[in-house]
J.: 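This is the structure, below, for whatever I ask next.
Residues: numbered from 1 along the sequence shown.
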Amino acid sequence: MEISQNQTLHESAGVGSKAAFSQTELFRVHRFKFLVTYSFTITENIISLSIPYFTGLAINDALEGRFLGLIYYAGLWTVHGLTHVVRQTYNIRTFSKIYRDVAVNVVKDQQDRGIETTKIIARSGLSREFVDFFERNVPDIINTMFKSLGALGMLIMFDWGIVVFCIILLLPLYVINRRYAKKSLDLNSGINDQYEKEVGVLTRNDPTDVWEHYNALRIWRIKIIDTQVINWATMELFIIIIACMIIIRAGALGLYAAGTIYSIISYMWNFIYSLDKVPALVQQISRLKDIKRRM
């Protein structure tokens, strides 16, 4: 019975080689579950992309004493809310089970390779990051793609000039985040080295070592956050300039309907908001690269 249970766990986690600890292998094993949750994520994003347009339509209809636009608007929000509820309840059940299997697999693999117990404990915790990537980061990437590319697609309906401003913004942001990715990888390597020492430090029960360990973690966290904040602030300078240019352009178009102006500004903010998430995604991907190297 015990052997059968272990075999089931190993098969569900995709064990048997180092490849089992890659995002590619994890997706291969659980692809159906992932595709189900991502279908909900995509549905949510399609609805979200439509909401600013139908909000503008509802405003224009309301100003003219009509309510059809408001009915569409309320219906979209209702479907969006139901989709979100279903996705969240499905996710917690699915990803908690996947993490259980992955953690069991990591511990067995590391033990078979003769890794010391202190590092196994740390790495079993770090393995959670792989599951988090599919549970949180992939949906964030999907959201970012929909909000940025989708917003550009919707803005084309109003004015090409606004789209050009948005595309110009992407060049400096690409350069900034490419440099940030390399720096983030080095910082995550440093803090993960420290995490792997934690169990050994606590086992020795030396107050000085314990203080030095947690102080080192504190310093690494400060460096990571400071780097992320500096990167974000640099991005914001470019975003503010482009946002002002877009607002000026929108005001000069001669589109006097209040709802239409609202739609343009909303899609602009969708585009900008999606870019604000890029530094956090770069940081997490860098962290995963270092964890994968350790596995």
Side-chain angles (χ1 to χ4, degrees), residues 35-91 136-171 173 232 235-236 238-278 280-281:
L35 291 175
V36 170
T37 188
Y38 298 152
S39 68
F40 287 124
T41 301
I42 291 171
T43 301
E44 277 190 74
N45 276 278
I46 291 173
I47 297 172
S48 294
L49 187 61
S50 305
I51 285 175
Y53 175 82
F54 282 96
T55 303
L57 183 63
I59 292 172
N60 289 339
D61 278 4
L63 290 174
E64 296 178 9
R66 299 193 302 266
F67 297 98
L68 183 60
L70 185 61
I71 293 172
Y72 287 144
Y73 172 76
L76 276 174
W77 266 116
T78 301
V79 175
H80 182 273
L82 291 173
T83 305
H84 181 77
V85 168
V86 172
R87 182 175 67 85
Q88 293 288 359
T89 54
Y90 176 83
N91 280 6
R136 301 174 186 174
N137 300 129
V138 171
D140 281 346
I141 292 171
I142 294 174
N143 292 341
T144 299
M145 295 296 290
F146 264 92
K147 286 185 182 297
S148 57
L149 299 180
L152 291 179
M154 297 300 288
L155 285 169
I156 288 175
M157 297 192 308
F158 300 107
D159 180 58
W160 272 96
I162 293 175
V163 175
V164 170
F165 285 136
C166 292
I167 293 174
I168 290 173
L169 176 63
L170 295 177
L171 180 59
L173 299 193
W232 179 86
M235 286 178 55
E236 284 296 291
F238 290 96
I239 288 174
I240 290 170
I241 293 171
I242 295 297
C244 290
M245 294 172 68
I246 290 174
I247 292 174
I248 292 172
R249 173 74 179 182
L253 289 177
L255 298 173
Y256 300 109
T260 305
I261 295 294
Y262 171 85
S263 296
I264 292 175
I265 300 302
S266 293
Y267 283 119
M268 178 197 76
W269 278 113
N270 275 353
F271 179 77
I272 290 174
Y273 179 72
S274 70
L275 299 178
D276 278 343
K277 289 184 173 292
V278 171
L281 288 172

J.: Got a list of side-chain donor-acceptor pairs under 3.5 Å for residues 141-153, not counting sequence neighbours?
T.:
residue : atom : partner : partner atom : Å
N143    : OD1  : N45     : ND2          : 2.5
N143    : ND2  : P139    : O            : 3.2
T144    : OG1  : D140    : O            : 2.8
S148    : OG   : T144    : O            : 2.7
S148    : OG   : M145    : O            : 3.3

J.: Atom CD1 in I242, atom CE in M268: separation rounded to 0.5 Å?
T.: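 The CD1 atom of I242 sits 11.0 Å away from the CE atom of M268.
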J.: Partners of W77 by side chain to side chain donor-acceptor pair (under 3.5 Å), sequence neighbours excluded?
T.: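 Only Y73 meet the side chain to side chain donor-acceptor pair (under 3.5 Å) criterion with W77.
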J.: For S48, check side chain to side chain donor-acceptor pair (under 3.5 Å) against everything at least two apart and list the hits.
T.: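 H80.
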J.: Residues in side chain to side chain contact (heavy atoms under 4.5 Å, CB included) with I241, at least two apart?
T.: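 By the side chain to side chain contact (heavy atoms under 4.5 Å, CB included) rule, I241 matches M245.
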J.: Compare all side-chain heavy atoms of F54 with those of L57 and state whether any distance is below 4.5 angstrom.
T.: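 They are in contact (side-chain heavy atoms under 4.5 Å apart), so the answer is yes.
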J.: Taking only residues two or more places apart in sequence, or in another chain, which ones meet F165 in a ring pair (Phe, Tyr, Trp, His ring centres under 6.0 Å)?
T.: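 Not a single residue meets the ring pair (Phe, Tyr, Trp, His ring centres under 6.0 Å) criterion with F165.
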J.: Rounded to the nearest 0.5 Å, what's the gap from CD1 on I272 to CD on E236? Could you check?
T.: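 Reported to 0.5 Å precision, the distance equals 8.5 Å.
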J.: Does a side-chain heavy-atom distance below 4.5 Å link F40 with N91?
T.: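 No, side chains not in contact.
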J.: Quick one, V164 with I168, criterion side chain to side chain contact (heavy atoms under 4.5 Å, CB included). Give me CA distance, side-chain angles, the key distance, then yes/no.
T.: CA-CA 6 Å; V164 170; I168 290 173; 3.9 Å; yes
J.: To the nearest 0.5 Å, tell me how far N270 CG sits from L275 CG.
T.: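 These two atoms lie 11.0 Å from each other.
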J.: With Y53, which residues qualify under side chain to side chain contact (heavy atoms under 4.5 Å, CB included), at least two apart?
T.: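 Residues passing side chain to side chain contact (heavy atoms under 4.5 Å, CB included) with Y53: M154, M157, Y267.
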J.: Could you give the distance from CD1 (I167) to CD1 (I162), rounded to the nearest 0.5 Å?
T.: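 Interatomic distance, I167 CD1 to I162 CD1, rounded to 0.5 Å: 12.5 Å.
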J.: Under the side chain to side chain donor-acceptor pair (under 3.5 Å) test, which residues partner R66, sequence neighbours left out?
T.: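 Side chain to side chain donor-acceptor pair (under 3.5 Å) list for R66, sorted by chain: D61, E64.
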J.: Please list all pairs passing the salt bridge (Lys or Arg N to Asp or Glu O under 4.0 Å) test where one or both residues lie in residues 41-54, with sequence neighbours left out.
T.: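 Listed by first then second residue: E44-R87.
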J.: Salt bridge (Lys or Arg N to Asp or Glu O under 4.0 Å): which pairs involve residues 73-86, sequence neighbours left out?
T.: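 For residues 73-86, and leaving out neighbouring residues, there are no salt bridge (Lys or Arg N to Asp or Glu O under 4.0 Å) pairs at all.
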J.: Stepwise, does the side chain to side chain contact (heavy atoms under 4.5 Å, CB included) test hold for V278 with L173?
T.: CA-CA 9 Å; V278 171; L173 299 193; over 6 Å; no
J.: Does any part of the side chain of L76, heavy atoms only, come nearer than 4.5 Å to the side chain of S50, both counted from C-beta?
T.: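 Yes - at least one pair of side-chain heavy atoms lies under 4.5 Å apart.
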J.: Look at atom OH of Y90 and say whether more than 12 heavy atoms of other residues, nucleotides or ligands are closer to it than 6.0 Å.
T.: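 For Y90, atom OH is crowded (more than 12 foreign heavy atoms under 6.0 Å).
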J.: Once side chain to side chain contact (heavy atoms under 4.5 Å, CB included) is applied, do any residues pair with T78, and if so which ones, sequence neighbours excluded?
T.: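 Listed in chain order: L82.
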J.: Mind checking what makes side chain to side chain contact (heavy atoms under 4.5 Å, CB included) contact with Q88, not counting sequence neighbours?
T.: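 For Q88 the side chain to side chain contact (heavy atoms under 4.5 Å, CB included) partners, ignoring immediate neighbours, are H84.
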J.: Quick one: CD1 on I59 to OG on S263, what's the gap to the nearest 0.5 Å?
T.: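 Reported to 0.5 Å precision, the distance equals 7.0 Å.
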J.: Partners of T83 by side chain to side chain donor-acceptor pair (under 3.5 Å), sequence neighbours excluded?
T.: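 T83: no side chain to side chain donor-acceptor pair (under 3.5 Å) contacts found.
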J.: Rounded to the nearest 0.5 Å, what separates atom CG in L35 from atom OG1 in T41?
T.: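 If I round to the nearest 0.5 Å, the distance is 11.0 Å.
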J.: So for atom OH, which belongs to Y72, do other residues, nucleotides or ligands contribute more than 12 heavy atoms lying within a distance under 6.0 Å?
T.: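 Open.
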